[in-house]
A.B. asks: 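The structure under discussion is supplied below as structure tokens; questions concerning it will follow.
Chain letters run A, B, ... following the sequence lines, proteins first, then strands; residues in each count from 1. Just so it is clear, the model here is predicted, and its values are computed rather than measured.
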Amino acid sequence: MLLYRINNFNLKQIADSGQCFRMTALTDTVFQLIFKDHYLIAEQMDEDTIAFYCSEDEFHHIWSDYFDLQYDYASLIDALCSGQDTFLAEAAAYGKGIRILKQDPFEATISFIMSQNKNIPAIMKSIESLCILFGEKKYVSSTFDAIELPVFYYAFPTPKALADADPLLLKSTKAGYRADYIKKASQAVILSQINLEALRSLPSHEAVLTLKSLYGVGEKVANCIALFGLHKIDVFPVDVWIQRIIDEHYGSHFPLELYHSHAGIVQQYMFYYKRACS
DNA sequence: TTCCAGGCGGGGC
DNA sequence: GCCCCGCATGGA
């Protein structure tokens with residue numbers, strides 16, 4: 001176990017922010033998280049202290065980067081809270097513990113294809129079902145005082161597992177019409193028609209354009225993959241919630257140019273605040 | 001029960 | 001380019 005002091009980091013807000021679908025609450029303050037084939041339990045000890053139940057080595061090599069611990073969120077929040085935009089000031093103050101996770105690009109691709117036209121609880125169920133049916137079963141080796149760990153968990157499926165998936169079994173995850181999108185996107189990865197890792201080195205708009213070449217990936221899903229799977233924090237995904245905010249608070253035009261390099265983080269505060277308060 | 005959900009592809013203009 | 005429709009299915 002490793003105690004880490006950091007500001008602007010709230011596990012519950014991150015888990016509820018709709019950017020990842022495999023982080024769940026075990027208690028009010030304890031959360032479990034699966035990233036690729038890694039399993040983590042973390043606990044919010046107080047506002048500025050997190051307990052990571054893993055080795056120091058695993059923390060430094062995996063979770064420190066995954067949670068974006070190096071980025072200075074405080075400066076951004078201070079700027080938003082003291083700015084002219086009252087809606088954004090409220091949103092940033094409300095969601096000040098959110099961080100943009102550095103998720104796996106393939107996992108983000110499949111997860112956000114699955115997400116289309118579903119609500120967040122339904123997405124989480126479908127993703128978990130997908131992992132149980134097509135992911136590798138892993139066993140948890142560590143034990144911790146006072147926290148009861150599951151005996152095993154399922155890693156996110158590999159591209160090959162989903163490319164070869166039986167269509168009926170895939171549809172049993174409640175993927176519905178998205179099942180075909182998931183299978184074709186996975187096949188594109190297997191056949192090297194797209195190299196998701198290589199997109200990291202491209203400018204955001206080119207990465208988004210390439211992602212949209214996947215069948216079933218449109219503007220919104222491509223933006224989410226870029227933001228959460230490639231950590232392109234300048235992209236600004238517009239879903240029905242964000243569109244509603246823009247219509248209600250900005251006269252149907254959001255001044256994106258004011259936020260350029262970190263528009264994706266701003267978007268997350270807006271999304272989280274609007275959903276929590278509706 | 002009805003409406004809505006982190007939308008997309010396709011077809012008609 | 002824009003608009004509209006159908007799509008599967010669970011949550012609220």
A.B. asks: Measure from the side-chain heavy atoms of R244(A) and tell me the nearest of dG6(B), dG9(B), dC4(B).
C.D. replies: dC4(B)
A.B. asks: Rounded to whole Å, please give me the gap between CZ in R178(A) and P in dG6(B).
C.D. replies: 11 Å
A.B. asks: Hey, does the side-chain of N117(A) have a donor or acceptor N/O within less than 3.5 Å of a partner on the base of dA8(C)?
C.D. replies: yes
A.B. asks: Quick one: which of dG11(C), dG9(B), dC8(B) gets closest to the side chain of K125(A)?
C.D. replies: dG11(C)
A.B. asks: Starting from the 5' end of DNA chain C, give me the residue, N119(A) or Q116(A), whose nearest nucleotide shows up first.
C.D. replies: Q116(A)
A.B. asks: Both P121(A) and K118(A) contact DNA chain C. Taking the nearest nucleotide for each, which residue is further toward the 5' end?
C.D. replies: K118(A)
A.B. asks: Using the P atoms only, state how far dC7(C) lies from dG6(B), rounded to an integer number of Å.
C.D. replies: 22 Å
A.B. asks: Would you measure the distance from the P atom in dG10(C) across to the matching atom in dG9(B) and give it in whole Å?
C.D. replies: 23 Å
A.B. asks: Please confirm whether any donor atom in the side chain of Y177(A) sits under 3.5 Å from an acceptor in the base of dG7(B), or the reverse.
C.D. replies: yes
A.B. asks: Please work out which of the three classes, parallel, tilted or perpendicular, describes the rings of Y250(A) and F87(A), given edges at 30° and 60°.
C.D. replies: perpendicular
A.B. asks: Indicate, with a heavy-atom threshold strictly under 4.0 Å, whether Y272(A) touches base, sugar-phosphate, or nothing.
C.D. replies: nothing
A.B. asks: Please state how far atom CZ in F112(A) lies from atom P in dC8(B), giving the value in whole angstrom units.
C.D. replies: 12 Å
A.B. asks: Take atom CG of L211(A) and atom P of dG9(B), then tell me their distance rounded to the nearest Å.
C.D. replies: 12 Å
A.B. asks: Let me know which of Y73(A), F52(A), Y4(A) forms a ring-ring contact (aromatic ring centres under 6.0 Å, His included) with F67(A).
C.D. replies: F52(A)
A.B. asks: Determine the sole option in D104(A), I127(A), I34(A) for which the side-chain contact (heavy atoms from CB on, under 4.5 Å) test with F156(A) is passed.
C.D. replies: I127(A)
A.B. asks: Could you check whether Y215(A) gets within reach of a base, just the sugar-phosphate, or nothing at all, counting any heavy atom under 4.0 Å?
C.D. replies: sugar-phosphate
A.B. asks: Roughly, in whole Å, what's the span from NZ in K171(A) to P in dT9(C)?
C.D. replies: 8 Å
A.B. asks: Remember a base hit wins even if backbone is also touched, and classify Q268(A) as base, sugar-phosphate or nothing at under 4.0 Å, heavy atoms.
C.D. replies: base
A.B. asks: Applying a 4.0 Å non-hydrogen cut-off, can you work out what I225(A) is touching in the nucleic acid: base, sugar-phosphate, or nothing?
C.D. replies: nothing
A.B. asks: Whole Å only: how far is the CD1 atom of I110(A) from the C1' atom of dC8(B)?
C.D. replies: 15 Å
A.B. asks: Please work out if S111(A) contacts a base, only the sugar-phosphate, or nothing of the nucleic acid, heavy-atom cut-off 4.0 Å.
C.D. replies: nothing
A.B. asks: Regarding D46(A) and T49(A), is there a side-chain donor-to-acceptor distance under 3.5 Å anywhere?
C.D. replies: yes
A.B. asks: Which part of the nucleic acid, if any, lies within contact of V238(A), taking any heavy atom under 4.0 Å across all strands shown: a base, the sugar-phosphate backbone alone, or nothing?
C.D. replies: nothing
A.B. asks: L230(A) vs K102(A), test: side chain to side chain contact (heavy atoms under 4.5 Å, CB included). Steps then yes/no.
C.D. replies: CA-CA 7 Å; L230(A) 302 171; K102(A) 295 186 183 176; over 6 Å; no
A.B. asks: Please give, in whole Å, the distance from dG6(B) P to I100(A) CD1?
C.D. replies: 17 Å
A.B. asks: Could you tell me whether K137(A) sits above the aromatic face of F152(A), with NZ or CZ closer than 6.0 angstrom to the six-membered ring centre and within 45 degrees of the axis?
C.D. replies: yes
A.B. asks: Could you tell me the separation between the CD1 atom of I120(A) and the C1' atom of dG10(C), rounded to a whole number of Å?
C.D. replies: 14 Å
A.B. asks: Using heavy atoms to find the nearest nucleotide of DNA chain B for Y181(A) and K220(A) separately, return the residue whose nucleotide is more 5′.
C.D. replies: K220(A)
A.B. asks: Using a heavy-atom cut-off of 4.0 Å across all strands, would you classify G18(A) as base, sugar-phosphate, or nothing?
C.D. replies: base
A.B. asks: Taking the side chain of K174(A) as its heavy atoms from C-beta onward, which of dC8(B), dG6(B), dT9(C) lies nearest to it?
C.D. replies: dT9(C)
A.B. asks: Ring centres within less than 5.5 Å and planes less than 30° apart: is that true of F271(A) and dG6(B) in this structure?
C.D. replies: yes
A.B. asks: Between C1' on dC8(B) and CD1 on I182(A), what's the gap in Å once rounded to a whole number?
C.D. replies: 13 Å
